[in-house]
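Along the sequence shown, the residues carry numbers beginning at 1.
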Amino acid sequence: MNGSDDTPLCYANTSTPYIYYPDMGKIYFSAVFSGLGLTSNLIAFIVLIKSCQRTRSLSRSFFLIFLAGLVVTDFMGLLVTGSFVVSFYITHVDWRVSDPTCHFCNFMGMSMVFYGLCPLMLGATMAVERFIGINCPFARSTNITKGRTVSMVLMVWLFAGCISLLPLTGFGSYHIQTPGSWCFLNISPERHDWAFSLLFSFVGLICITVSILLNTVSVVTLIKVCCGPDRNQRRRDHEVEMMVQLILIMTIATVCWCPLLIYILMSTLTFSTSEEKLLFYIRMATWNQILDPWIYIMFKVSRMRSSLPRLLCLEAP
């Protein structure tokens with residue numbers, strides 16, 4: 001394919017050269033990968049529903065709403081993107097022939113951006129909520145309700161959706177990637193592609209940075225409160241549990257997503273891309289959707305929760 005005027009933008013070689021290569025990957029890997037992630041998130045969602053029904057703590061119920069939003073996002077992300085990839089390896093379809101108008105490619109690209117940004121933005125939102133809950137508990141108790149918590153999750157989805165729709169307005173574009181099973185944002189010297197790539201990278205990195213900073217302050221504050229002279233009067237077992245879960249979510253997101261976000265940032269600055277590296281970093285990022293639900297599952301089925309108070313001086317010596 002070349003970049004002629006009659007070639008749809010999503011198939012033109014304006015980014016990494018696209019090579020139709022259905023034998024590059026194996027359906028078993030994609031199917032097992034998607035199946036494991038979907039099953040894990042489904043189990044985690046059931047666990048969260050039961051926990052939400054049993055909890056009597058308002059702060060914990062708000063936290064569970066955010067976790068449920070994160071699980072739903074991860075589940076739908078794996079379902080949508082996994083369906084495209086698995087169907088490609090089953091049918092060996094060439095999208096240039098079956099989708100000359102780029103509708104499927106654009107939808108796949110939108111899904112990759114939307115379901116990529118949502119977990120990072122939800123993680124940052126949860127960090128803000130925990131920061132306010134730990135450092136300003138009285139202000140939080142009068143301003144946060146379950147309805148507002150649900151609205152915050154919906155606002156995150158809306159904001160991520162608006163960003164994913166920008167290429168349809170001409171700000172950026174989506175481009176099919178080797179081996180032809182997926183589409184993603186187009187990293188090219190074109191001004192609109194360059195700006196959209198930077199936007200995607202900056203939003204993701206800012207969310208991770210906010211999570212790290214706020215969670216660090218929250219942990220320090222929580223340790224001071226729990227280890228202070230009034231620790232017996234201000235037991236915060238559930239606060240510690242939520243904070244540990246949030247730290248694990250942040251750590252997984254940072255490890256899985258930072259390589260891709262930094263790679264996109266560097267590629268936009270150097271105008272140099274590699275299809276092998278991009279595919280590798282995308283697969284790393286996808287592991288975030290598989291590992292996240294096991295945090296909630298392990299906390300529910302293990303005795304980890306009972307050992308947390310001792311770790312932060314919640315029990316008197």
Task: Under 3.5 Å donor-acceptor, S34 side chain and A31 backbone - done: no
Open item on the list: Donor-acceptor check, side chain of T268 to backbone of L265, threshold 3.5 angstrom: yes or no?
Closed with: yes
At what distance, to the nearest 0.5 angstrom, does [atom1] of [X] lie from [atom2] of [Y]?
X    : Y    : atom1 : atom2 : value
S87  : H92  : OG    : NE2   : 11.0 Å
C102 : M108 : SG    : CE    : 14.0 Å
S164 : L117 : OG    : CG    : 8.0 Å
I134 : T221 : CD1   : OG1   : 7.0 Å
S181 : L279 : OG    : CG    : 7.5 Å

Under 4.5 Å between any side-chain heavy atoms of [X] and [Y], yes or no?
X    : Y    : answer
T254 : M250 : yes
W294 : I297 : yes
L261 : L120 : yes
D74  : I290 : no
M110 : L165 : yes
M243 : N215 : yes
P119 : L70  : yes
R130 : F63  : yes

Task: side chain to side chain contact (heavy atoms under 4.5 Å, CB included), paired with Y296, selected from L64, L48, N41 - done: L48
For residues [X] and [Y], report the shortest heavy-atom separation together with the two atoms involved.
X    : Y    : value
I187 : S267 : CG2-CB, 3.9 Å
I208 : A253 : CD1-O, 4.3 Å
L260 : A285 : CD2-CB, 4.1 Å
I264 : S197 : CG2-O, 3.7 Å
F114 : G161 : CD1-N, 3.4 Å
T81  : S111 : CG2-CB, 4.3 Å

Within one Ile-Leu-Val-Met-Phe-Trp-Tyr cluster: [X] and [Y], side-chain cutoff 4.5 Å:
X    : Y    : value
V32  : V86  : no
V71  : I49  : yes
W257 : V255 : no
L199 : F202 : yes
V210 : M155 : no

- [ ] Starting from the C-alpha separation in whole Å, work towards a yes-or-no answer on side-chain contact (heavy atoms from CB on, under 4.5 Å) for T286 and L78.
- [x] CA-CA 8 Å; T286 308; L78 286 169; 4.0 Å; yes
- [ ] Apply side-chain hydrogen bond (donor to acceptor under 3.5 Å, both in side chains) to S188 and W194, showing your working.
- [x] CA-CA 6 Å; S188 78; W194 179 83; over 6 Å; no
Open item on the list: If the condition is ring pair (Phe, Tyr, Trp, His ring centres under 6.0 Å), which residues does F200 pass it with, not counting sequence neighbours?
Closed with: F184
Task: Which residues share a ring pair (Phe, Tyr, Trp, His ring centres under 6.0 Å) with F33, sequence neighbours left out - done: F29, W287
Open item on the list: Classify the ring geometry of Y174 against F196: parallel below 30°, tilted from 30° to 60°, perpendicular beyond 60°.
Closed with: perpendicular
Task: F171 atom CZ, over 12 foreign heavy atoms within 6.0 Å - done: yes
- [ ] List for me each residue that meets disulfide (SG to SG under 2.5 Å) alongside C105, sequence neighbours excluded, and say none if there are none.
- [x] C183
- [ ] Walk me through it: do M126 and L67 pass the test side-chain contact (heavy atoms from CB on, under 4.5 Å)?
- [x] CA-CA 9 Å; M126 293 164 67; L67 289 182; 3.4 Å; yes
